[in-house]
2 protein chains.
Amino acid sequence: MRIAELSRRSGIAVPTIKYYLREGLLPPGELTSPNQASYDEHHLHRLRLIRALTDLAQVPVAGVRVVLEVLDSDTMSLHARIGTVHRAISPSRRLTASDDARTAAADQVRELIERRDWQVEPDAPAIGTLVETIAVLRTLGQDHLLGTLDSYAEAVERFTELEVAAVTSRTDPDQIAESVVIGTILGETLISALRLLAQENNSARQLGQNTRSKRRSEGTRRRA
Amino acid sequence: MRIAELSRRSGIAVPTIKYYLREGLLPPGELTSPNQASYDEHHLHRLRLIRALTDLAQVPVAGVRVVLEVLDSDTMSLHARIGTVHRAISPSRRLTASDDARTAAADQVRELIERRDWQVEPDAPAIGTLVETIAVLRTLGQDHLLGTLDSYAEAVERFTELEVAAVTSRTDPDQIAESVVIGTILGETLISALRLLAQENNSARQLGQNTRSKRRSEGTRRRA
DNA sequence: GTTTATGGATACTGATACTATCCATGACGA
DNA sequence: TCGTCATGGATAGTATCAGTATCCATAAAC
């Protein structure tokens with residue numbers, strides 16, 4: 001198929017497809033002549049995957065490129081793929097917390113990892129996020145949200161079990177790789193949406209209509 | 001304190017603070033003269049909160065403004081606050097899936113919500129995200145990741161229980177509101193980081209070094 | 001009384017993700 | 001075969017976001 005049909009079938013504008021080609025997200029079509037290329041179902045699937053990552057999972061284009069390279073690699077182990085994907089989807093954070101808050105948080109995270117006997121690289125990006133988040137929560141006076149950190153850790157382990165179960169139902173290694181990668185990324189979108197719903201449900205049932213706060217500051221104003 | 005000290009203590013550049021003032025994220029300092037204002041600990045706390053939301057939770061500035069307005073409101077119920085925050089942090093998605101995939105996914109979501117007896121608004125943004133994600137997973141041929149949807153739902157309920165437990169340990173209504181809002185938003189960052197760690201651990205232990213895939217496509221190339 | 005900081009307004013910047021335009025060439029129907 | 005239309009490839013333009021930078025009149029601090 002030519003680019004016009006690819007555009008029609010994917011719902012993505014031709015200039016955008018060309019952009020993805022330029023950015024190396026989409027492999028070039030097979031050239032049948034200097035100005036004619038043909039695309040196939042792979043390209044269509046790729047486009048859908050790209051939009052899933054950008055639209056649903058908010059992965060930036062540069063990250064999508066890395067993810068796709070991981071899927072295309074024929075030498076990476078699954079473990080290496082996961083690591084690379086984790087790095088690709090972890091935004092480079094600006095440090096927000098104070099140094100000693102961070103040090104304390106780092107201790108807490110180290111202990112948590114030991115307690116749960118998690119085998120993770122000491123420079124895994126998620127550790128940095130975790131440390132920074134805990135440090136900031138402390139600084140904001142929200143330590144109490146951390147009392148249940150271990151229970152949270154226990155709960156997320158459940159997710160990985162579910163994911164492993166789902167993924168090992170596939171047999172083709174390529175399929176497994178794609179499942180793991182998509183599961184990692186879109187799984188987060190899924191979990192996050194479910195969590196918001198569970199939260200809304202809980203709020204509707206328990207926190208009710210009548211808990212309001214009296215104020216002391218007069219709030220902020222939007223610019224004119 | 002004046003703006004220079006606020007800047008020094010928060011680690012945020014003066015022009016950025018001015019920007020937040022312009023955008024209405026930070027209430028103006030108390031004017032002691034036409035060109036002199038004084039800021040207090042509230043402003044410092046606010047700045048930390050702003051950076052936590054933008055840097056850690058990736059909330060866009062417009063969303064931060066809404067979140068802060070929610071915190072400043074003295075009339076909203078907790079339930080209304082949560083709803084508003086959910087709307088503020090749910091990015092407006094572009095529709096990616098095909099119409100019938102979406103219809104099918106919508107049915108599945110409706111059934112899930114019924115099965116779990118969740119009390120949620122039919123137009124809650126998370127429902128849209130969930131529907132779209134499920135539709136896309138199907139389209140990508142990753143249905144098998146959805147077999148465990150109910151278990152996922154069960155697992156996220158655990159989170160809300162933990163959160164409720166943590167939040168109700170506070171007594172001051174203002175504190176509760178801030179805890180709920182911060183818990184909702186930073187809780188996600190926390191869970192997501194924990195999940196990635198659990199995943200890496202699992203991968204290191206189970207998926208091992210020797211599962212690789214043979215390829216049929218030659219992959220994508222970065223532009224020159 | 002001079003240097004420095006401040007509030008407020010406005011303009012500029014860099015990154016990201018597209019969109020649009022151009023052009024030489026090739027496909028395709030009349 | 002001719003004329004129109006689409007295509008690949010290159011380059012330029014746009015919108016949005018999140019700051020940065022500059023200016024200026026005034027006021028604080030030494």
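Convention: sequence-line order gives letters A, B, ...; per-chain numbering from 1.
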Per the under-4.0 Å heavy-atom filter, residues of residues 49-57 of chain B near DNA chain C come out as none
Taking the side chain from A:Arg138 and the backbone from A:Thr133, do they hold a donor-acceptor pair closer than 3.5 Å?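 No; zero donor-acceptor contacts below 3.5 Å.
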Between the side chain of A:Gln142 and the main-chain N/O of B:Ile182, is any donor-acceptor distance below 3.5 Å? no
Calculate the interatomic distance between [X] atom [atom1] and [N] atom [atom2]; express it in whole Å.
X: B:Lys18; N: C:dA9; atom1: NZ; atom2: P; result: 11 Å
X: B:Leu6; N: C:dA5; atom1: CG; atom2: C1'; result: 15 Å
X: A:Leu31; N: C:dA27; atom1: CG; atom2: P; result: 11 Å
X: A:Gln36; N: C:dA24; atom1: CD; atom2: P; result: 18 Å
X: A:Leu26; N: C:dC18; atom1: CG; atom2: C1'; result: 15 Å
X: A:Ile12; N: C:dA17; atom1: CD1; atom2: P; result: 14 Å
X: B:Glu30; N: C:dG7; atom1: CD; atom2: C1'; result: 15 Å
X: B:Arg22; N: C:dG7; atom1: CZ; atom2: P; result: 13 Å

So, for A:Pro125 and A:His86, which heavy atoms are closest and what is the spacing to 0.1 Å?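 The pair with the smallest heavy-atom distance is CG-O, 4.0 Å.
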How close do A:Leu26 and A:Leu21 get, counting heavy atoms only, and between which atoms? O-CD2, 3.4 Å
Under 6.0 Å from the CD atom of A:Glu5, do we count more than 12 heavy atoms belonging to anything else shown? yes
Sequence neighbours excluded, which residues qualify as side-chain hydrogen bond (donor to acceptor under 3.5 Å, both in side chains) partners of A:Tyr20?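 So A:Tyr20 forms a side-chain hydrogen bond (donor to acceptor under 3.5 Å, both in side chains) with A:Arg51.
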Of A:Ser33 and B:Ala62, the one whose closest nucleotide on DNA chain D sits nearer the 5' end is A:Ser33
Regarding B:Glu30 and B:Ser38, do their side chains bring together a donor and an acceptor under 3.5 Å, going by distance alone? no
Quick one about A:Thr129 and A:Arg93 (side-chain donor to acceptor, distance below 3.5 Å, no hydrogens or angles considered), yes or no?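 Yes - a donor-acceptor pair under 3.5 Å links their side chains.
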First and last nucleotide of DNA chain D in contact with chain A, 5' to 3', at under 4.0 Å to a heavy atom: what are they?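 So the outermost contacting nucleotides come out as D:dT7 to D:dG19.
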If you assign A:Asn35 and A:Pro15 each to the DNA chain C nucleotide with the nearest heavy atom, which residue ends up on the more 5' nucleotide? A:Pro15
Working to the nearest 0.5 Å, report the span between CG of B:Leu197 and OG1 of A:Thr160.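 One finds 11.0 Å between CG of B:Leu197 and OG1 of A:Thr160.
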Would you say A:Tyr20 reaches C:dC18's phosphate, i.e. side-chain N/O to OP1/OP2 under 4.0 Å?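 Checking A:Tyr20 against C:dC18: at least one side-chain N or O falls below 4.0 Å of OP1 or OP2.
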